[in-house]
Structure formats: structure tokens, C-alpha cells
Participant: 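Shown below is the structure under consideration.
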Amino acid sequence: MFNTARLKLTAWYVLIIMLVSASFSAVIYMVVCKELARSYRWVVVVDRAHRIGIGVPRHLPKNLENLDPQLQNLAESMEYQDALKEAKRRFAYRLVGINSVILLVSGSAAYFLAGKTLQPIQKALEEQKRFVADASHELRTPLTALKTSMEVALRNKEMGLAEAREVIESNLADVEDLKNLSNNLLTLSRVTENGDKTVLDEVDLSAVIETAVDKLQTLAEEKNIVLDLDLSKITLKGDKDNLREMISVFVDNAIKYTPGGGKVKISTRTEKEYAVIEVADTGIGIAEEDLPHIFDRFYRADKSWVGRDDPGFGLGLSVAKEIINLHHGYVDVESTLGEGSKFIIKLPLSL
Ligand code: ADP
């Protein structure tokens, strides 16, 4: 598909260039032929006039038709017509040659440019394809689990109430997974699609962080994890809901990947024209080889999710990264396996 589109675009580029070039050539041909005819005629007139001793104007007159009738007659010769025809023919060949060279050069340049123009589209298309394939794969896992468990339950004629409850509970967990996945997908598409249209207002960063942390307090308490806040008063230009979503991802991960009894510290400060948010945990840490990929869609650092009840879909950090991009910010991560991770987010105070 990409190659067909590239060829079509090349053809359009070449067509436009050749239309312009051919029109110019036609105009040049007409003007030059007219000038040639005039000059040839004048050369004949001057030559003959000299031979028979008649005076001629010093410069080539604009209009040979207004010449002295005596000189006019001298110009009525067929002798130079053949030479003129030959000159016109040669000039036409030259123009065709030049246009062929233009066609060749513009064809190659257009093919190259069409490739360059289509490259980002091709990349986006491939990314989209990969995303759809990954999303379908992720959707299929809980759906298959649901289907299998329901089929087994249906086949079991002696199933008691307690057993049925267990099946329903397990099914509900799968449904919850599906709901989380679709929520993540929706958030991702909302942030990527509407990124440019988001209106950024003055936002109280501390208030946003406190709201996000409040919602995760129960989760932290269940795991006996202390959430430590050290917030400075900072206002920045941003989108409140997206920023809350972004903070939730980092804090939720910090809680998820920190064993019970650990600590998660969320702090803010300003640094030059940036607001700096740090989310540090005393969790399992991230292996060095995983660090470059954790912000990729559907990427899960293997060791951290295998065997977990709530493995996550590997979408949280990519959503967070999109939101940070939307605010023209940066994110960095420092992590040591077994000791913990620190995510450092820098957002410009004003855009
Ligand atoms: P997930 O839904 O799997 O948490 P994310 O995109 O939020 O997806 O994170 C991608 C991966 O990065 C996770 O699977 C995990 O391996 C790793 N990760 C993210 N945050 C942390 C953290 N605070 N501590 C350890 N590993 C983390």
C-alpha cells in the first residue's frame, strides 16, 4: 500500500512539474521563434541593402513591417526561410531534450520526496497496526478465561451454590480486567487524539496531587504502604484532569510495585522555569534492560508482573508520557533492582 501511494504521489509531483515546465517551454518557443524570424529577416535586409548601397537603420527595428518599402522588398526573400525553419526545429529538439532531463531529474527527486513525505504516515500506520494487534491480544486473554470458566461451569451438573459463587467471582475479576483495559485504551486515545485541542489553564499542582493521592490512600493502607507528601505551592499551565490522571499512574505503580511495609514519597519543587514532581518508592525496582522500554505501549517488565493477581496492561506509563508530552514536559527514571524507583517529571510552569 505504501509503495502504491508513493508511486501515485510521485506521479502527481512529476505531472505538476512537467505541466509547468511544458507551459514555460511553449511560451519560450513562441517568443524565441518570433525573435529568430525577426533577426533572420533583418540580417538579410542589412546584407542586401549594403550590397546595393541603400542605408538601413543602425538598430534592429521593433516592427519590420514599418520599414521603408524599398527595404521591405529586400526582406521578401525565401532564401533565409529554410535556415529559419532549421533553427526552429533545432530549438524545438533542444527544448524536448531539456524537458526530458527535467522529467528524469524531477522523477527521481519526486520519488525521493514522496518517500520522505509518506514516512511519518507509514510509521503512524505501522504503530496503529501494532497497537490494534496488541490491544486485541490483551482483550482476548480475559475473554478466553471468561469463556472457558463459563463453559466448564455449564458442563458441571453437580455444581453447588458455593462453587457457582466462586466462578462468578473469578468471572467478575476478568470483567474488571476488561473494564480497566478499555478505560486505559480510551484514556490513551483521548489524550493522543485531543492533545492539540486541550485548553491549558492555571492549575494548583498541590491540589491536583492531593486529589490523586487521596483516591489511592485506601490501596496503600491495604498494603501497609506509607504515602509521604512533600509539596511546594506551585501553579502551572496545564489540564487538571490529565495531570491528575498522570500523577495517579505514577503513584498507583509505586504502590503496586512496592512490597507491603514500604514507602512512597511524592514531592514537588520548582527548578528554573519547571515544576519538578518526584515519585519515589522503596519497591522492587526496574532492571536496566527494561528501563528504555517501560514507556512503550503494552510493555511490562517481565519479572514484575508474572504471577501477579493484577498484572496491569503495560499502558499506564504510556498514558502518563502522552500527558507529559501534551504539557511539553519530560520524564526521567532512576531505578535499582530490589531497592526502588524514582520517577522525575518536569513540567514547564508556563507555556
Ligand atoms: P502496568 O499496567 O504493567 O503497570 P505501566 O505502563 O504502568 O504498566 O508500567 C510498565 C512497566 O514498568 C510495568 O509493567 C512495570 O514492570 C514497570 N514499572 C512501572 N512503574 C514501576 C515502579 N514504580 N516500580 C517498578 N516497576 C515499575
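As the structure is a prediction and not an experimental result, all values here were calculated from the model. Both counts, for ligands and for their atoms, begin at 1 and track the order of listing.
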Participant: Angle class for the Phe298/Phe131 ring planes (parallel below 30°, perpendicular above 60°, tilted otherwise)?
Facilitator: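 Taking Phe131 first and then Phe298, their aromatic rings sit tilted (interplane angle of 30° to 60°).
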Participant: Just to check, does Gly283 reach to within less than 4.0 Å of ligand 1 when the distance is taken from its heavy atoms?
Facilitator: no
Participant: Is there a side-chain contact between Gln122 and Leu118, using heavy atoms and a 4.5 Å cut-off?
Facilitator: no
Participant: Of all the heavy-atom pairs spanning Cys33 and Lys88, show the shortest one and how long it is.
Facilitator: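 Result for this residue pair: SG-CG, 3.5 Å.
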Participant: Can you check whether Gly314 has an N/O within less than 3.5 Å of an N/O in ligand 1?
Facilitator: yes
Participant: Could you list the atoms of ligand 1 found under 4.0 angstrom from a heavy atom of Leu315?
Facilitator: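 Those atoms are 6 (O), 8 (O).
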Participant: Looking only at distances, can you tell me whether any N or O atom of Ser318, backbone or side chain, sits closer than 3.5 Å to an N or O atom of ligand 1?
Facilitator: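 No, there is no polar N/O contact under 3.5 Å.
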Participant: At under 4.0 Å between heavy atoms, is it the side chain or the backbone of Ile286 that contacts ligand 1, or both, or neither?
Facilitator: side chain
Participant: Mind checking the NZ-OG1 spacing from Lys342 to Thr336? Nearest 0.5 Å is all I need.
Facilitator: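 Spacing of NZ (Lys342) from OG1 (Thr336) equals 10.5 Å.
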Participant: Residue-level breakdown please: for Phe250 versus ligand 1, do any non-hydrogen atoms fall below 4.0 Å on the side chain, on the backbone, on both, or on neither?
Facilitator: neither
Participant: Specify side chain, backbone, both or neither for Tyr299, according to which of its non-hydrogen atoms lie closer than 4.0 Å to ligand 1.
Facilitator: backbone
Participant: Under 3.5 Å, which donor-acceptor pairs link side chains of residues 205-213 to any protein atom two or more places apart or in another chain?
Facilitator:
| from | atom 1 | to | atom 2 | distance (Å) |
| --- | --- | --- | --- | --- |
| Ser206 | OG | Ser232 | O | 2.9 |
| Thr211 | OG1 | Ala207 | O | 2.6 |

Participant: Return yes or no for this condition: an N or O of Ile284 is under 3.5 Å from an N or O of ligand 1.
Facilitator: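 Between Ile284 and ligand 1, no N or O pair is found under 3.5 Å apart.
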Participant: More than 12 heavy atoms of other residues, nucleotides or ligands under 6.0 Å from CD of Glu288: is that the case?
Facilitator: no
Participant: If we set the cut-off at 4.0 Å for heavy atoms, which region of Ala301 has an atom near ligand 1: side chain, backbone, both, or neither?
Facilitator: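 For Ala301, the contact with ligand 1 is made by both the backbone and the side chain.
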Participant: Is atom CD of Gln128 surrounded by more than 12 heavy atoms (other residues, nucleotides or ligands) closer than 6.0 Å?
Facilitator: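 No, not enclosed.
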Participant: Tell me every residue that passes side-chain hydrogen bond (donor to acceptor under 3.5 Å, both in side chains) with Asp241, counting only those two or more places apart in sequence or in another chain.
Facilitator: Arg244
Participant: In terms of atom number and element, which parts of ligand 1 are under 4.0 angstrom from non-hydrogen atoms of Phe343?
Facilitator: 20 (N), 23 (N)
Participant: Enumerate the atoms of ligand 1 whose separation from the nearest heavy atom of Lys256 is less than 4.0 angstrom.
Facilitator: 1 (P), 2 (O), 4 (O)
